[in-house]
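Please read these numbers as outputs of a predicted model, since none were measured by experiment. The sequence lines fix the lettering, A, B, ..., with proteins before strands; numbering per chain opens at 1. Side chains are part of it too, since the values below use all heavy atoms of this structure and drop only hydrogens, waters and symmetry mates.
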Amino acid sequence: MPTLEVMKKDTKTNLEGFAAAPVNLSLKPADKIKLLREMIRIRRFEERSLKAYQAGSIGGFLHLYIGQEAVAVGTISVGGKHDHYITAYRDHGHALTVGMGMDECMAELYGKATGCSKGKGGSMHYFAPDKNYWGGHGIVGGQTPLGLGLAFYQKYKGLKGSCLCYLGDGAVNQGAFHESLNLASLWDIPVVYIIENNGYSMGTSEARSSAFQHSLAKRAEGYNMDWDVCMGHDIYEVRAKTEIAMKRAHEKSRPTLLEIDTYRYEGHSVADANKKKYRSPEEIDEYKKTKDPIYLFKTKLIAEGVLTEEVYETIDQEAKNEANASAKFAEESPYPTEESIQEDIYWEVDHGRTSQGRIFFNDEQE
Amino acid sequence: MPTLEVMKKDTKTNLEGFAAAPVNLSLKPADKIKLLREMIRIRRFEERSLKAYQAGSIGGFLHLYIGQEAVAVGTISVGGKHDHYITAYRDHGHALTVGMGMDECMAELYGKATGCSKGKGGSMHYFAPDKNYWGGHGIVGGQTPLGLGLAFYQKYKGLKGSCLCYLGDGAVNQGAFHESLNLASLWDIPVVYIIENNGYSMGTSEARSSAFQHSLAKRAEGYNMDWDVCMGHDIYEVRAKTEIAMKRAHEKSRPTLLEIDTYRYEGHSVADANKKKYRSPEEIDEYKKTKDPIYLFKTKLIAEGVLTEEVYETIDQEAKNEANASAKFAEESPYPTEESIQEDIYWEVDHGRTSQGRIFFNDEQE
Amino acid sequence: MRKLTYREALREGLSEEIERDDNVVIMGEEVAQYNGAYKVTEGMWAKYGDRRIMDTPISEAGFIGMGIGASMLGLRPVMELMFFSFAYVAWDQMINNASAVRYMSGGKINCPIVIRGPANGGTGVGATHSHTPENAIANVPGLKVVCPATAYDAKGLIKSAIRDNDPVYFMENTLLYGESWDVPEEEYLVPIGKADVKREGKDLTIIAHGRCVILALKAAEILQAEHDLDVEVVDLRSIRPLDEEAIINSVRKTHRALCVEENKPFCGVGAQISHLIQSKCFDDLDAPVKRLSALDAPAIYSEPLEKLQLPNVDRIIKAALSVG
Amino acid sequence: MRKLTYREALREGLSEEIERDDNVVIMGEEVAQYNGAYKVTEGMWAKYGDRRIMDTPISEAGFIGMGIGASMLGLRPVMELMFFSFAYVAWDQMINNASAVRYMSGGKINCPIVIRGPANGGTGVGATHSHTPENAIANVPGLKVVCPATAYDAKGLIKSAIRDNDPVYFMENTLLYGESWDVPEEEYLVPIGKADVKREGKDLTIIAHGRCVILALKAAEILQAEHDLDVEVVDLRSIRPLDEEAIINSVRKTHRALCVEENKPFCGVGAQISHLIQSKCFDDLDAPVKRLSALDAPAIYSEPLEKLQLPNVDRIIKAALSVG
Ligand SMILES: Cc1ncc(C[n+]2csc(CCOP(=O)(O)OP(=O)(O)O)c2C)c(N)n1
Ligand SMILES: Cc1ncc(C[n+]2csc(CCOP(=O)(O)OP(=O)(O)O)c2C)c(N)n1
Ligand SMILES: [Mg+2]
Ligand SMILES: [Mg+2]
């Protein structure tokens, strides 16, 4: 894909190139502010959730997205009515971007009945089918065939739709993903696989987990599939390259493998004790200084005259307030009832049995 | 891998190029006759087994290798002391080539106690660890990580060894194979994956099962792995390209993905009712006429003055006699005893318990 | 009444649902152009075309996961596993995604998918192709498991399975595909979770599913004729949900029970049922519940031996007579 | 005696075997440079290096299959599954290849591999990360399953498992890693297949494995103190092979049995044991065998609820008192 290759080089030298892409030129000032606000909301939400975790209000896993905000916001902002989204366990950013509320998301982390999954799914399992968001999946690579199915459905129904299916750089070595790539290309399924390449799978660097040439996305060539690589800190570039892939899905019903380079500031999960051992503090600081997606976009918008420091401060303060309010909401929400443990398992049990016989099997202890 | 690419083109135009490869030049007349004899023995053995199947002496599956003989014989003939072999269920050819006897192989098909697996494995499960042959595996792609392990062991022990792991063109779309390719390249494991591309997985053509560019083997580039494509009807070419891959394994401990184009004359298994529906009889005849590996090698050896029609006839007759004798041996052999059903399950049960407690769980019916 | 083979009955059920609901699609290896490895879908591709009947590459995790994903949006895929044993390469998709996505979303999603294929030994296909994991699947809350023993049940249950809004794993048997039973012309459904007393008796209850029901019925005739033992045969038909009432009612009548299944013994379905019986019929039992399973070994290739390894009429008779 | 945590005991056992036998290698995600997701292998990479302690990509089917293949030649790989739940993406390798290659080769091959990792809920990691498939694995002839409940057993059993010439699947528990028990300085082995009566009693037998043993012991103390019920606790330690004698002997003494496990109820280990007891102790039983399992639902995330879903001391007491 020479043209894409060129675009890739391009990005390295000339970030403005992507600001000029039609999908970005069409943005009104309000739209740009909205993109910035969404990135800020993700960060503040997660910072607040980290505090709650450290305070012991949240248990289990908590995989933070901080540093990668431009990927979720940039890619999803390009989508329309029939474009669907599914990702792995690092799913808060995508959830807020599709429009899930901080309250239901924070309450889910607290394991409360008011959570988006009624406290049954937790951090790794946010879902909002009404917003085309299909989770939130804990098994590495396990969501990749599901994403294929979401996209297949669009094609089957003759809709101009797609599915953006996100996975990590470590997930590319799961067999199910490989099978999905072959099926996607073989059957012209409008799926866009987005590798959020943050350089590490837990403590394992990309180089220690994957053998590849040039990029992970280039593996797509083995499946006769289009691919591209993208700088994830520049939301304009993310939007531009996502739009190319989505167009391909909508108009040609062809899949794309899009690798977006990004970085996570926190550990793999907040329980990651080695987050500064398998990578140097300098590496982290360097990225924060030179590539922070929020800072870069903020600066750009100020340069464009779309944003002022004051407006930025207000947006930021609003996001912090919203996050704090969501924590309060979560705190004050009730836990699920004991009965609810056996709800939401079988559709028919929740809506009236269609089958007969016993469906749950504990010995009742009279 | 341009050089390999060139070699590929090469093969199309100039078959003699490979006769001149060192690995083939070094062959003495007797060696060449031996290669021919092994191919003939495979074909006659399988023709005899087909008769036995049609006569009802053999049940279950019977996947015939007829047409692909030059692949097993050519590749294995290059191997040495520390080179190991593992394949899928189409495993008779490899078995005879590594030196398993027709008697034990035929008896296994008959489900007799004298079979190579005591009648417990059947057609798909021939094994001869003493001959570096590790099966014979029924789950498509399931053998590919095992082959990786056989090769890993050579490296771990510091041996100049390798594993040739065979799979079909349909098997390349199993996730476990993809995971194995990545591990092989990432860890410098001396494995040679050999795709025996006979154009079909059951009734599905290569084009209906795989999305790819140029060749299935080219997918190796995504894993930074060397690859090549090879004409499977020319045993000289098979040996030449196998030797390159094996050298790479022995000397650089690097893996190779080698795709060998070949063809099966019979159905997927002998139960394949559609063998002339998903491909035309003309296609089959065309291959038999122009690319039959035995006929081609026979002609070549006669041209080289190494073989005469008479010698060929003798070899062929001997092979037929050997096959008939093996069928007689199988006929006359006893079935396994009922007790043997629960032998060969746990090493410790066969060699004296090391653990305690009950290990088999049927209700005994007093 | 007209007779149909188990295979034809399945095909008729599948075809009726394909015609009834545009969301029903059939996918699997060789199901379309090849007409099915075991000819269950014979002629359907010619009749319904590429959109409804799809051949897949050998990528079970990929295409079954794809079906699960599409079912979240309302598609009703019927996925064929050429052998149910191949489920093991798609196990994570089948166990985690199909069963848990509803729960983990707090009930926002359901997966109306059917995964079907033959799960049986007895044809000399060896250890890796003869798995019967109904016990392991029924262990998973969120999943349903059915194992029809006759053509009538196969048709009625496949239709119910396709219309079911939860994932249903549907286990068939290659040795039954060619067997014929009465099947009415007019449409009918067999409810999931309802057992069927296929033979009434007063001395002993045999609980079985799948082909073991047919064997048990043959054994029952001989037990009656030669041993004057009047056996009741309860065909579970569904493993999850399970018709416990039918089992309990029968054992309360006969006071003796034998569980027959093709699975290996450890934690097989018979263990669950034995536990049920001893807890619900403790004072009704005249003897311990017995179980008959495959001899505890990988499936042996050698066909005469495999016949001895699997439950067969002789073994069932012996086991029935051994129930104290 | 010195105390070690379950984690330290495992590490000591692994280290002793690494030093004892050059064929022992440890592979898994983050086991080396990261020191183990749960720190079981902490310090081992620094001490034993890349050759013996290997980090793997996230390719369970690939690297576990690789370990099985290498074990056919005599390597003794100890594969860590970060969570045992991830076995489901490697299920075909673990179930078919490890268990059947010996049989299908007529006994020419054996696979001395150990696959270990935590299999438990209780830490709010949700439905996909909380599987306890000891029942499904023990269903497979050719495989062995052990579930140590204490540091002492963990060390003794991991050493036996590594020296075992058959595949041993070794299930741990993240909630036990930090708990301490007496562990002698001198080397010892715990035999696979031998249960351990961890508390003697005369009124009721509780059969359990893994962490449920610890809960049962706590419950037993309260049952003694507050209900004057003298409970015997049989720790299975191994699921396959199974120490049936220990179970039978205990029940013949107490005449009452309760099976406690973390798995879901349908076809759990408790079902197999309930069947065993009713068939071997039919006339000894004063009441039906009871079973206590996780509440039959996918593992719920919400931690206070998960505590109610899993067996806990209160639920065990309630169940024990309900044994008629
Ligand atoms: C099949 C499977 N294996 C292992 C894990 C444990 N695990 C969870 S996340 C993770 C690392 C994934 O890294 P990557 O794909 O790069 O995503 P990132 O965390 O960087 O977003 C691992 C090993 C899992 N959840 N599923
Ligand atoms: C996981 C799995 N899926 C499906 C099958 C059934 N099956 C056996 S062989 C085969 C076709 C394989 O074709 P290919 O890999 O090209 O090998 P060939 O038969 O041509 O040698 C299929 C679908 C299987 N054995 N295992
Ligand atoms: Mg990553
Ligand atoms: Mg093929």
Side-chain angles (χ1 to χ4, degrees), chain A residues 84 86 108 115-122 124-130 134-139 142-154 156-157 163 175-180 182-183 186-187 189 342-348 350-351 353-361 363, chain C residues 23 25 51 54 56-57 59-75 77 89-90 92-93 96-97 99-112 138 141-142 144 160 163-166 191-195 238 240-246 272 275-276 279:
Chain A
H84 295 255
I86 186 168
E108 187 60 30
C116 47
S117 295
K118 305 182 186 171
K120 293 176 175 181
M124 304 196 289
H125 305 114
Y126 286 3
F127 295 83
D130 59 321
W134 300 92
H137 295 271
I139 299 297
Q143 77 281 15
T144 56
L146 299 180
L148 192 63
L150 294 165
F152 174 82
Y153 184 86
Q154 309 311 310
Y156 185 82
K157 291 294 185 182
C163 177
F177 177 53
H178 153 78
E179 297 186 6
S180 302
N182 183 61
L183 292 170
L186 188 69
W187 289 342
I189 297 181
Q342 289 186 308
E343 295 164 359
D344 305 314
I345 300 168
Y346 291 98
W347 184 93
E348 69 161 307
D350 303 329
H351 295 80
R353 290 291 301 272
T354 53
S355 74
Q356 306 178 24
R358 186 167 178 190
I359 201 158
F360 296 121
F361 292 91
D363 277 15
Chain C
N23 284 317
V25 294
R51 180 166 174 269
M54 291 177 60
T56 67
S59 305
E60 286 82 359
F63 72 75
I64 285 183
M66 182 183 110
I68 296 167
S71 77
M72 299 192 301
L73 274 162
L75 205 69
V89 296
D92 171 59
Q93 295 296 321
N96 273 324
N97 286 349
S99 79
V101 96
R102 175 169 185 78
Y103 197 70
M104 297 188 305
S105 68
K108 291 174 176 174
I109 299 173
N110 65 299
C111 299
K144 299 174 182 177
S160 295
R163 299 182 192 191
D164 199 281
N165 287 330
D166 296 305
I192 291 174
K194 180 137 185 47
S238 299
R240 184 168 188 153
L242 182 69
D243 189 347
E244 293 192 345
E245 211 182 318
Q272 179 68 26
H275 171 67
L276 165 72
S279 48

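Relative to the ring axis of A/Tyr156, C/Arg51 places its NZ or CZ within 45° and under 6.0 Å from the centre.
Side chains of A/His351 and C/Asn165: a donor-acceptor N/O pair is absent below 3.5 angstrom, by distance only.
Top candidate by heavy-atom pairs under 4.5 Å with chain C, chosen from A/Phe177, A/Tyr126, A/Phe361, is A/Phe361. Between chain A and the options C/Glu60, C/Lys194, C/Met72, heavy-atom pairs under 4.5 Å are most frequent for C/Met72. Counting heavy-atom pairs under 4.5 Å between each of A/Gly147, A/Ser355, A/Gly119 and chain C puts A/Ser355 at the top. No other option in C/Asp243, C/Thr56, C/Leu73 has as many heavy-atom pairs under 4.5 Å with chain A as C/Leu73.
The shortest side-chain heavy-atom distance between C/Tyr103 and A/His125 does not fall under the 4.5 Å cut-off.
Looking at C/Ser105, the atoms closer than 4.5 Å to chain A (heavy atoms on both sides) sit in the backbone and in the side chain alike.
In terms of modelled atom types and a separation under 3.5 Å, the side chain of C/Asp166 and the main chain of A/Trp347 share a donor-acceptor contact. Side chain of C/Lys108 to main chain of A/Trp134: no donor-acceptor pair is present (N/O by atom type, distance under 3.5 Å, no hydrogens or angles).
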**OP:** Might you work through the side-chain contact (heavy atoms from CB on, under 4.5 Å) test for A/Arg353 and C/Ile192, ending with a clear yes or no?
**Re:** CA-CA 10 Å; A/Arg353 290 291 301 272; C/Ile192 291 174; over 6 Å; no
Subject >> Evaluation steps, side-chain contact (heavy atoms from CB on, under 4.5 Å), between A/Glu348 and C/Lys144 >> reply: CA-CA 11 Å; A/Glu348 69 161 307; C/Lys144 299 174 182 177; 2.4 Å; yes
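Contact check on C/Arg102 versus A/Glu343 returns no salt bridge, with no Lys/Arg side-chain nitrogen under 4.0 Å from an Asp/Glu carboxylate oxygen.
Put simply, CD on A/Glu108 and CE on C/Met104 are 11.0 Å apart, with the number rounded to the nearest 0.5 Å.
Applying the salt bridge (Lys or Arg N to Asp or Glu O under 4.0 Å) rule to C/Glu244 yields the partners A/Arg358; only residues at least two apart in sequence or on another chain are considered. With sequence neighbours left out, the salt bridge (Lys or Arg N to Asp or Glu O under 4.0 Å) criterion links A/Lys118 to A/Asp344.
In this structure, C/Pro57 and A/Trp187 approach most closely via the heavy-atom pair CD-CZ2, 3.7 Å.
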